[in-house]
Amino acid sequence: MHALKKNRPLRRVTLAAATTVTGVVLLLSLKPHTPPTPAAASSSVGHSSSSSSGGSSGDSSGSSSGGSSGSSGSTKSTGTRTVTGDTVQTRWGPVQVRITLKNGRITEVTAVAYPSENPRDQEINSYAIPQLRREALAAQSAEIDSVSGATYTSDGYKQSLQSALDSAGL
């Protein structure tokens, strides 16, 4: 009396359907996604010093000193200054944003670091980075929409942008 006897096809169909449904449920419940997190200060120092033109001092506050070293009029709220956000590690690579402020308004947003290791990253970010820049300039905040197809980069961009805005006191 085996469960899969040939004279009981309905039992086989029921068992196959139950197995398929169980497999689909288990597959859909798998969640490998992890949200992007800010990088440790040691990794942002190394990455910041290679991508910024003004030499940072190399201490543990490298990302904030690197962003403020190129600023002019940083003591005045009416001057122009540049602030670099934290490097955010995403699933596909680091994302870091630098903003330029003039009279308390964002006048420029530059992606200092973003995933570009393979052709697919380059393709995605060739349209995502300009769109995120336009939205950040229009919104004057980090409350911007994610770009479809570039969710990880968008999340990292928003976190780094918020970090830069926090450092600037906005």
Side-chain angles (χ1 to χ4, degrees), residues 24-54 56 58 60-72 74 77 79-170:
V24 169
V25 167
L26 289 173
L27 195 67
L28 292 177
S29 67
L30 178 68
K31 295 183 182 181
H33 174 260
T34 56
T37 57
S42 61
S43 66
S44 65
V45 170
H47 197 271
S48 173
S49 64
S50 66
S51 63
S52 64
S53 58
S56 68
S60 64
S61 63
S63 64
S64 62
S65 67
S68 61
S69 66
S71 63
S72 61
S74 61
S77 63
T80 302
R81 61 187 176 141
T82 303
V83 181
T84 303
D86 291 338
T87 301
V88 177
Q89 290 297 331
T90 68
R91 180 176 180 179
W92 304 111
V95 178
Q96 186 176 30
V97 176
R98 179 180 299 137
I99 60 172
T100 302
L101 302 164
K102 184 173 185 178
N103 298 328
R105 290 191 47 85
I106 302 172
T107 58
E108 184 61 45
V109 181
T110 306
V112 178
Y114 53 89
S116 59
E117 293 295 317
N118 60 53
R120 182 70 176 143
D121 289 341
Q122 294 169 5
E123 177 187 356
I124 290 171
N125 291 322
S126 69
Y127 70 84
I129 298 295
Q131 186 171 343
L132 290 165
R133 178 187 171 275
R134 281 192 302 272
E135 288 197 30
L137 288 172
Q140 292 292 306
S141 74
E143 297 295 321
I144 57 177
D145 291 334
S146 293
V147 176
S148 179
T151 306
Y152 292 102
T153 300
S154 298
D155 291 345
Y157 193 97
K158 289 189 280 188
Q159 286 186 12
S160 183
L161 178 59
Q162 185 62 56
S163 167
L165 291 170
D166 291 345
S167 296
L170 294 179

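Pro94 pairs with exactly one of Val88, Thr87, Val112 by the side-chain contact (heavy atoms from CB on, under 4.5 Å) rule, that one being Thr87. None of Val95, Asp86, Ile99 except one satisfies the side-chain contact (heavy atoms from CB on, under 4.5 Å) rule with Leu161; the exception is Ile99.
Not one N or O on the side chain of Asn125 forms a donor-acceptor pair closer than 3.5 Å with the backbone of Ala128. Side-chain N or O atoms of Ser163 include none that pairs as donor or acceptor with a backbone N or O of Gln159 at under 3.5 Å. Checking side-chain atoms of Ser154 against main-chain N and O of Ala150 turns up a donor-acceptor pair under 3.5 Å. Using a distance-only test at 3.5 Å, with no hydrogens or angles considered, no donor-acceptor pair links the side chain of Ser146 to the main chain of Thr151.
In plain terms, the two heavy atoms of Gln96 and Thr84 that are nearest each other are NE2-CG2, 3.2 Å. Of all heavy-atom pairs spanning Ala142 and Leu165, the tightest one is N-CD1, 3.7 Å.
Listed by chain and residue number, Arg81, Val83, Leu101, Leu170 satisfy the side chain to side chain contact (heavy atoms under 4.5 Å, CB included) test with Ala168 (two or more places apart in sequence, or in another chain). Residues meeting the side chain to side chain donor-acceptor pair (under 3.5 Å) test with Thr100, sequence neighbours left out: none. Partners of Glu123 under the side chain to side chain donor-acceptor pair (under 3.5 Å) rule, at least two apart in sequence or in another chain, are Arg120. In this structure Asp166 satisfies the side chain to side chain donor-acceptor pair (under 3.5 Å) test together with Gln162, sequence neighbours excluded. Residues passing the side chain to side chain donor-acceptor pair (under 3.5 Å) test with Gln122, sequence neighbours excluded: none.
Sorted by first and then second residue, the salt bridge (Lys or Arg N to Asp or Glu O under 4.0 Å) pairs with a member in residues 130-143 read Glu108-Arg133; sequence neighbours excluded.
Side-chain contact check for Trp92 versus Thr153: every heavy-atom pair is 4.5 Å or farther apart.
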- Task: List the steps and the verdict of side-chain contact (heavy atoms from CB on, under 4.5 Å) for Thr90 and Asp155.
- Result: CA-CA 8 Å; Thr90 68; Asp155 291 345; over 6 Å; no
- Where do Tyr114 and Asp121 land on the side-chain contact (heavy atoms from CB on, under 4.5 Å) test, with the steps shown first? CA-CA 9 Å; Tyr114 53 89; Asp121 289 341; over 6 Å; no
